[in-house]
Protein chains: 2
Amino acid sequence: MTDGLSEKQQGILQFLEDFIAEHDYPPSIRDIQHGCDISSTSVVDYNLKRLEERGFIRRDREVSRAIELLTPHGERRRRTVPVPLLGKIAAGSPIPTPPDTLTPGAYDETIELTEEQTGGRTNIFALRVEGTSMIDALINDGDIVVLEATHSCDDGEMVAVWLRDENETTLKKFFHEGERIRLQPMNATMGPIYTRAANVEVQGRVVTAIRSL
Amino acid sequence: MTDGLSEKQQGILQFLEDFIAEHDYPPSIRDIQHGCDISSTSVVDYNLKRLEERGFIRRDREVSRAIELLTPHGERRRRTVPVPLLGKIAAGSPIPTPPDTLTPGAYDETIELTEEQTGGRTNIFALRVEGTSMIDALINDGDIVVLEATHSCDDGEMVAVWLRDENETTLKKFFHEGERIRLQPMNATMGPIYTRAANVEVQGRVVTAIRSL
DNA sequence: TTTCGAACAGAACATATGTGCCGGGCAGGC
DNA sequence: GCCTGCCCGGCACATATGTTCTGTTCGAAA
């Protein structure tokens, strides 16, 4: 458990973690000093240098509070990006959701996702799935699907489409079939929807699914 | 799009976002000044006060670089927690994974998850699923499952169990049946495994599943 | 026109904060 | 003992950095 770190260094590391979790900005040398009951700033500086040598943190010299916590593998920790949760989407019996006007404040809930999960995309939103119409695509009632906002898609992609006439949004697999569009629920017990191309507007393509048990 | 914010204020907000993403610590007033081509620190201060009034940021007075970015709803943004990715788990034909020695450095990969996804739990690890033996539980080949390290579980829970005799770990639903344990794959085409209680050691309970498309 | 407040410029000021220097205790090797 | 390197205490110092004060500009309202 020691990792070759002194007790004091482990304490500092823990303090960094806690301080950043609480304040969202790094502590100053003197914050660490008092937080870890260390008697001198030079001792803190000394140990920070050791931690930096071993790749636990990264520091920018001459800059206040310029301490970055690194992961156990020396990579930078990532912040999260707020993703608007635009509402529920019940593919079984579709309910309306707002179109892709992604202006801040147009929604009333956000979830936090890592950049790993958004793939670095910025035009991202999330929906909570109601119902089991996508069950064969391994998406269940209560799951959260993350979508990339787009107006076009290829056949077979799982997309959120807005049906103009019905004024509702639904989650389906998308297929061009001549003049028509086939919207295929991923549930063997449910039949596809056929409609005019002019009636469907693609709102987003599913990129990630998350389920909490 | 204006949100009642001046162009300069939006610029500052964007700069904060970018600076923090790059450095992992907040900028100083003068960093903002130069980054946004603003002529005076007092102008930055003035606009930061406006942003704070409107709930876009939070500041600690008298402390350098003490600027927190808030979500569009005024909540604090969360950092991520590094979760060790202990390896692949192929429930179809189980492969060994290391036991629950969660000492840093005992694994060689981590993923970043939000506290929403870990539920605030700290004894957390992740596995990448290989194979389709959990397909009926909506967990597919390539999915990542997040587990809470535990040695006990209730009937019906989805757990990672280590089979001592076979020296392998597998992902199954867990059932006590008298003297024996039944480990049920979540795939209708696969039969359950029966074994002595002494042969199974529960390593973790699945709490979240994540799939990237 | 005058008034007034929002937004901005520029500079001085106070303090927050990282760094360097000097010295001391302490264990290990010769 | 004596030296050497590691770790720590204490403190001064330079500067990084937030705050504040005094004006200025500009546009809308009276």
Side-chain angles (χ1 to χ4, degrees), chain A residues 1-70, chain B residues 1-70:
Chain A
M1 191 63 106
T2 60
D3 283 24
L5 291 184
S6 74
E7 197 172 317
K8 190 164 299 192
Q9 283 158 7
Q10 288 182 50
I12 290 177
L13 224 41
Q14 185 62 50
F15 179 77
L16 282 173
E17 186 115 22
D18 296 344
F19 190 99
I20 292 176
E22 182 179 348
H23 297 91
D24 232 36
Y25 52 78
S28 70
I29 298 255
R30 283 166 182 81
D31 287 334
I32 300 173
Q33 180 190 355
H34 298 130
C36 296
D37 282 318
I38 294 173
S39 47
S40 171
T41 57
S42 64
V43 178
V44 179
D45 188 61
Y46 173 82
N47 284 287
L48 286 181
K49 280 175 180 156
R50 291 303 124 84
L51 287 171
E52 190 177 17
E53 283 172 6
R54 291 159 179 272
F56 287 91
I57 61 173
R58 201 167 73 77
R59 293 212 293 166
D60 279 4
R61 301 320 197 77
E62 317 256 320
V63 180
S64 327
R65 298 172 181 270
I67 301 176
E68 287 182 58
L69 253 183
L70 303 179
Chain B
M1 189 64 105
T2 61
D3 282 24
L5 291 184
S6 74
E7 196 172 316
K8 191 164 298 191
Q9 284 158 7
Q10 288 183 51
I12 291 176
L13 224 42
Q14 185 61 51
F15 178 77
L16 283 173
E17 185 113 23
D18 296 343
F19 189 98
I20 293 177
E22 182 178 346
H23 297 90
D24 234 37
Y25 52 79
S28 70
I29 298 259
R30 283 168 181 79
D31 287 334
I32 301 173
Q33 178 189 355
H34 298 131
C36 296
D37 283 318
I38 293 173
S39 50
S40 172
T41 58
S42 65
V43 178
V44 178
D45 188 61
Y46 172 81
N47 284 288
L48 286 180
K49 279 176 180 154
R50 291 306 123 82
L51 287 171
E52 190 176 19
E53 283 171 6
R54 291 158 180 272
F56 287 89
I57 62 173
R58 201 167 73 79
R59 293 210 294 166
D60 279 6
R61 300 321 197 77
E62 317 257 320
V63 180
S64 323
R65 296 170 181 272
I67 302 176
E68 287 182 57
L69 254 183
L70 303 179

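The sequence lines fix the lettering, A, B, ..., with proteins before strands; numbering per chain opens at 1. Hydrogens, waters and symmetry mates play no part in the numbers below; they use all other heavy atoms, side chains included.
As rounded to whole Å, 16 Å separates atom C1' of C:dT17 from atom CG of B:Asp60. The distance between atom CD1 of B:Ile29 and atom P of C:dA16, rounded to the nearest whole Å, is 15 Å. For B:Glu62 and D:dT19, the CD to C1' distance is 8 Å, given to the nearest whole Å. Distance CD1 (B:Ile67) to C1' (D:dT19): 14 Å, rounded to an integer number of Å. Atom OH of A:Tyr25 and atom C1' of C:dT17 are 14 Å apart (whole Å). Per the geometry, CZ belonging to B:Arg61 stands 12 Å off C1' belonging to D:dT20, to the nearest Å. For the pair A:His23 NE2 and C:dA16 P, the interatomic distance rounds to 15 Å; values are reported in whole Å. Regarding B:Asn47, its CG atom lies at a distance of 8 Å from the C1' atom of C:dA7, rounded to whole Å.
Looking at the side chain of B:Arg30, the nearest of the listed nucleotides C:dT19, C:dA12, D:dA16 is C:dA12.
Between the base of C:dG10 and the side chain of B:Ser40 there is a donor-acceptor pair shorter than 3.5 Å. For A:Ser42 and C:dC21, a side-chain-to-base donor-acceptor distance below 3.5 Å is absent, hydrogens and geometry of angles not being considered.
Residue B:Val43 is the one, among A:Ser28 and B:Val43, whose nearest nucleotide of DNA chain C lies closer to the 5' end (criterion: closest heavy atom). The 5' end of DNA chain C is approached more closely, in terms of each residue's nearest nucleotide, by B:Ser39 than by the other of B:Ser39 and A:Lys49.
Applying the 4.0 Å criterion to OP1 and OP2 of D:dG18, one finds that B:Arg65 has every side-chain N and O outside that range.
Around CD of B:Glu53, the count of heavy atoms belonging to other residues, nucleotides or ligands within 6.0 Å exceeds 12.
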Should B:Ile67 and B:Ile20 be marked as a side chain to side chain contact (heavy atoms under 4.5 Å, CB included) after you check the CA-CA gap, both sets of side-chain angles, and the distance that decides it? CA-CA 10 Å; B:Ile67 302 176; B:Ile20 293 177; over 6 Å; no

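For the residue pair A:Asn47 and A:Lys8, the shortest heavy atom distance occurs at ND2-CD, 3.9 Å.
Within the 4.0 angstrom heavy-atom criterion, only backbone atoms of the sugar-phosphate kind lie near A:Asp45; the bases stay farther away.
Of the N and O atoms on the side chains of A:Asp31 and A:Ser28, at least one donor lies less than 3.5 Å from an acceptor on the other residue.
In this structure, A:Glu52 contributes its side chain and A:Arg59 its backbone to a donor-acceptor pair below 3.5 Å.
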